[in-house]
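Predicted, not measured: the structure shown is a model, and the values here were computed from it.
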Amino acid sequence: MIKFLIKSALLVLFIFYTPCYSNSFQIVTKKNTLENNIITIKTGADNYEKYLPLLQNKKVGIVTNQTGILTNKIHLVDFLLEKKIAIQTIFAPEHGFRGTADAGEHVVDGKDAKTGLSIISLYGDNKKPKATQLVGIDIMLFDLQDVGARFYTYISSLHYVMEACAENGIPLVILDRPNPNGSIIDGPLLEKEFTSFVGMHPIPLLHGMTIGEYAKMINGEKWLKNAAQCKLTVIPCLDYNRKMEYSLPQKPSPNLPNDQSINLYASLCLFEGTNVSVGRGTEKQFQIYGSPFLTVSTFTFTPKPNFGAKDPLYNGKECFGEDLTSYPKLTRLELKWLIKAYQNTSDKTKFFNPFFTKLAGTKKLQQQIESGISENKIRKSWKNGLTAFKKMRMNYVIY
């Protein structure tokens, strides 16, 4: 009888405690699954079950560069050729198909040495595909890694590709990719009179959208010539939301070598409209700034020709400035370095150049800095524009 009671008690304990261990394991499993999802975000290119059927038995044009890779590091072009997709032409943006050309460097048409496919530059003789260059193409595929800044020209190329597709009745499929600055919406809105290839639409400097979402906005707001709209399909990323941190597997351009430079890019790129270097010709591009005309400081650098900068600003000259390689991650457009440099430059009349207005998208920012207006007041002047943009943006977000 005693043995029976002991066995019964043990059985009861086992029944009550077993579910606790089981639930505990399930929680850990869910946690691990979540962590794995963060690590294994699938880009639109990896979501190939959605787009391969659209390309079957079609003659395909592709807008892409070195960033157009799948998770397994295979380039999209190679992947599609393996799948027997009939690629006709590669269209390449600024920096070229392999991403080796300097910023602003004229890129010529050519052939890809590996595949033998023709390459048409969209940063050479024409920024918009010509009708003659689209002859025989049934569908266009677009896969470029954007960084979320208005003056990063891949979204300008997107505009012109959409426009060409609309005019020539060619459907466009965009393979979406995460925006590494996707949670930041900040800066002055572009004013129409300052439209250029480094700013084509009335959006802030940091727009907080993926390239697929941005394409939907271009179409929806009828920003194409003659208010045209192209037949658009966006292949979304999987297991992604814009609050996730995303480390790019490939440099999006020669002078954005790492996550830090990509995060600082929008804030430091405004220096490209001044006489201050952003580190081109060093190994810390868009992570440092300085010039020979700033106040002497303990941090110095001397630009020299390198990959991505054949003739950098202040080539061979010592520059005084600031090292931001360890600066905490930005969550907004940062103006303090621009304002500080202006205040500390030896000749303020030579600080800004005409390109600054194109980058800023407005004359007001330069005027505000020259007038000594505080950063806080400058930010307040953006409020109404940002509020209106955020409201419009909500019509097009996917994630």
Open item on the list: Centroid separation under 6.0 Å, is that true for the rings of His201 and His207?
Closed with: no
Task: Arg393 side chain to Tyr214 backbone, donor-acceptor under 3.5 Å - done: no
Open item on the list: Keeping Glu163 on the side-chain end and Lys225 on the backbone end, is there a donor-acceptor pair under 3.5 Å?
Closed with: yes
Open item on the list: Any donor-acceptor pair under 3.5 Å linking the side-chain atoms of Ser261 with those of Gln287?
Closed with: no
- [ ] Check whether any side-chain N or O of Ser297 sits under 3.5 Å from a backbone N or O of Gly321 as a donor-acceptor pair, and report yes or no.
- [x] yes
Task: Modelled atom types, side-chain donor and acceptor of Ser247 and Asp259, under 3.5 Å - done: yes
Open item on the list: Parallel, tilted or perpendicular: which one describes the rings of Tyr51 and Phe79, with boundaries at 30° and 60°?
Closed with: perpendicular
- [ ] Answer yes or no: is there a donor N or O on one side and an acceptor on the other, between the side chain of Asp323 and the main chain of Thr325, under 3.5 Å?
- [x] yes
Which donor-acceptor pairs under 3.5 Å do the side chains of residues 165-176 make with protein atoms, sequence neighbours left out?
from, atom 1, to, atom 2, distance (Å)
Glu167, OE1, Lys128, NZ, 3.0
Glu167, OE2, Lys128, NZ, 3.0
Asn168, ND2, Ala164, O, 2.8
Asp176, OD1, Thr210, OG1, 3.2
Asp176, OD1, Gly212, N, 2.9
Asp176, OD2, Thr210, OG1, 2.8
Asp176, OD2, Tyr399, OH, 2.7

Open item on the list: Tell me whether Arg379 contacts the main-chain N or O of Asp186 through its side chain, where contact means a donor paired with an acceptor under 3.5 Å.
Closed with: no
- [ ] Could you tell me whether the side chains of Thr387 and Asn384 share a donor-acceptor contact shorter than 3.5 Å?
- [x] no
Task: Partner of Glu375 under salt bridge (charged side-chain N to carboxylate O under 4.0 Å, His left out), chosen from Lys336, Arg332, Lys340 - done: Arg332
Task: Counterpart residues, ring-ring contact (aromatic ring centres under 6.0 Å, His included), relative to Phe151 (two or more places apart) - done: Tyr265
TODO: Check whether the ring centres of Phe351 and Phe293 lie less than 6.0 Å apart, and answer yes or no.
DONE: no
TODO: Hey, can you tell me if Tyr289 and Trp337 have their rings parallel, tilted or perpendicular (30° and 60° cut-offs)?
DONE: tilted
